[in-house]
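Before any comments, here is the structure.
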Amino acid sequence: MSLVGKLFPNVAIDAMSEMGDDLKINVFEEAVNNQQKVILFWYPKDFTFVCPTELHAFQEALPEFQKRNTMVIGASCDTNEVHFAWLNTPKDNGGIEGVTYPILADTHRQLANILGIVDQDLEYDEEGNEVFTGSNVTYRATYLIDETGKIFHESVNDMPLGRNVKEYLRLIDAYAHVQKHGEVCPANWEEGKDAMNANRTGVAEYFSKN
């Protein structure tokens, strides 16, 4: 079930800083109390393969997110201790040394289960006993949250599929344009391109120029 248009869950989750500090982060409060947007991206597991490429890609784009008053937060179901070990593993050895944004450690899957992004199914055997299947880690889910705590974008990739970080920057730009100008952003909109008024005249004017 989509959570777009709803408030992000108001819960605090353990997290790890790049300095090894144990944190508690409430994503909803980070957005509302600091009047900033937040991008929260989930990945399946530390010390894997696609995952470090994504964490480094978000790190490389961190200045662009900061220009847009957007906080970057990573998340998985690993522990803080495993996060810290990975943060101290060099990039050329598959680690995420150099990543500076916080990473949630949702070891009890409290937030991940609320969001419905855990790869787990419940079945029953012939005796009626519960049988859990799946990897019990999260898919590559991404949430964009605005300054009111509302989710304005969500997406979920299967585990083998890495994300395009530039697309999230584009979506943040588009949403900021809507917030500032009240216009809507057509397909493939990018900063500097024409937006349009949300009515028939606006559509006609847009197509006449494009």
Side-chain angles (χ1 to χ4, degrees), residues 8 13-23 25-27 30-31 34-106 111-112 115 117 137-147 151-177 179 185 188-193:
F8 194 83
I13 301 296
D14 289 336
M16 171 59 59
S17 76
E18 86 275 15
M19 300 301 295
D21 298 320
D22 292 322
L23 309 173
I25 292 181
N26 184 317
V27 175
E30 289 292 336
N34 297 314
Q35 282 298 284
Q36 63 182 349
K37 294 180 176 67
V38 175
I39 178 167
L40 172 66
F41 72 96
W42 293 81
Y43 60 92
K45 204 172 184 180
D46 293 359
F47 290 99
T48 51
F49 315 110
V50 176
C51 297
T53 69
E54 292 195 309
L55 273 81
H56 284 296
F58 278 104
Q59 179 65 35
E60 290 170 8
L62 190 60
E64 292 300 319
F65 285 108
Q66 292 171 337
K67 286 179 186 177
R68 293 160 173 81
N69 191 33
T70 300
M71 181 180 186
V72 176
I73 304 175
S76 80
C77 298
D78 294 280
T79 66
N80 269 351
E81 292 77 13
V82 176
H83 283 340
F84 190 55
W86 205 25
L87 283 162
N88 282 280
T89 302
K91 182 178 181 180
D92 60 8
N93 197 27
I96 59 168
E97 187 177 43
V99 166
T100 61
Y101 50 81
I103 305 173
L104 299 187
D106 190 17
L111 180 54
L115 297 172
I117 57 173
V137 298
T138 67
Y139 294 104
R140 299 186 192 280
T142 312
Y143 297 88
L144 296 178
I145 300 119
D146 73 10
E147 298 86 349
I151 299 168
F152 65 91
H153 169 83
E154 65 177 340
S155 59
V156 182
N157 289 8
D158 201 356
M159 294 173 195
L161 305 176
R163 282 162 279 213
N164 183 337
V165 175
K166 291 180 181 179
E167 172 63 4
Y168 301 112
L169 293 169
R170 188 192 74 83
L171 288 166
I172 291 168
D173 286 341
Y175 191 76
H177 185 94
Q179 289 176 307
C185 297
N188 299 320
W189 183 91
E190 294 177 345
E191 185 68 45
K193 290 187 176 181

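These figures come from a predicted structure and were not determined experimentally. When reading the values below, keep in mind they use all heavy atoms of this one structure, side chains included, and skip hydrogens, waters and symmetry mates.
In plain terms, the two heavy atoms of L111 and D106 that are nearest each other are N-OD2, 3.1 Å. The two residues M159 and P44 come nearest to each other via the heavy atoms CG-CG, 3.8 Å.
None of V137, I103, T142 except one satisfies the side-chain contact (heavy atoms from CB on, under 4.5 Å) rule with Y43; the exception is I103. Only one option out of D46, D14, N88, D78 pairs with H83 in a side-chain hydrogen bond (donor to acceptor under 3.5 Å, both in side chains); it is D46.
Taking the six-membered ring for Trp and the full ring otherwise, the centers of F41 and Y101 sit less than 6.0 Å from each other.
Looking at heavy atoms from C-beta onward, E190 lies out of side-chain contact with N188 at the 4.5 angstrom threshold. Under the 4.5 Å side-chain criterion, counting only non-hydrogen atoms from C-beta, D146 is in contact with Y175. Contact of the K193 side chain with the H177 side chain is not registered, since no non-hydrogen atoms from C-beta on lie closer than 4.5 Å. Proximity of E147 to Q179: side-chain heavy atoms (C-beta onward) are separated by under 4.5 Å at one or more points. Counting heavy atoms from C-beta on, the side chains of V165 and F65 come closer than 4.5 Å. The side-chain heavy atoms of L144 and I172, taken from C-beta on, include a pair separated by under 4.5 Å. A 4.5 Å side-chain heavy-atom check between H56 and I96 finds at least one atom pair inside the cut-off.
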Q: Could you go through the side-chain contact (heavy atoms from CB on, under 4.5 Å) check for L161 and R140 one step at a time?
A: CA-CA 8 Å; L161 305 176; R140 299 186 192 280; 5.6 Å; no

Q. After noting the C-alpha distance and the side-chain angles of H153 and Y143, does the key distance pass the side-chain contact (heavy atoms from CB on, under 4.5 Å) rule?
A. CA-CA 6 Å; H153 169 83; Y143 297 88; over 6 Å; no

Q.
The test is side-chain contact (heavy atoms from CB on, under 4.5 Å); show your working for V38 and T70 and say whether it passes.
A. CA-CA 5 Å; V38 175; T70 300; 5.7 Å; no

Q: Might you work through the side-chain contact (heavy atoms from CB on, under 4.5 Å) test for S76 and K45, ending with a clear yes or no?
A: CA-CA 6 Å; S76 80; K45 204 172 184 180; over 6 Å; no

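Every residue meeting the salt bridge (Lys or Arg N to Asp or Glu O under 4.0 Å) condition with E167, not counting sequence neighbours, appears here in chain and number order: R170.
The pair E97-K91 does not meet the salt-bridge criterion, since no charged nitrogen lies less than 4.0 angstrom from a carboxylate oxygen.
Of the inter-residue distances, the one linking L40 atom CG with E30 atom CD reads 11.0 Å to the nearest 0.5 angstrom.
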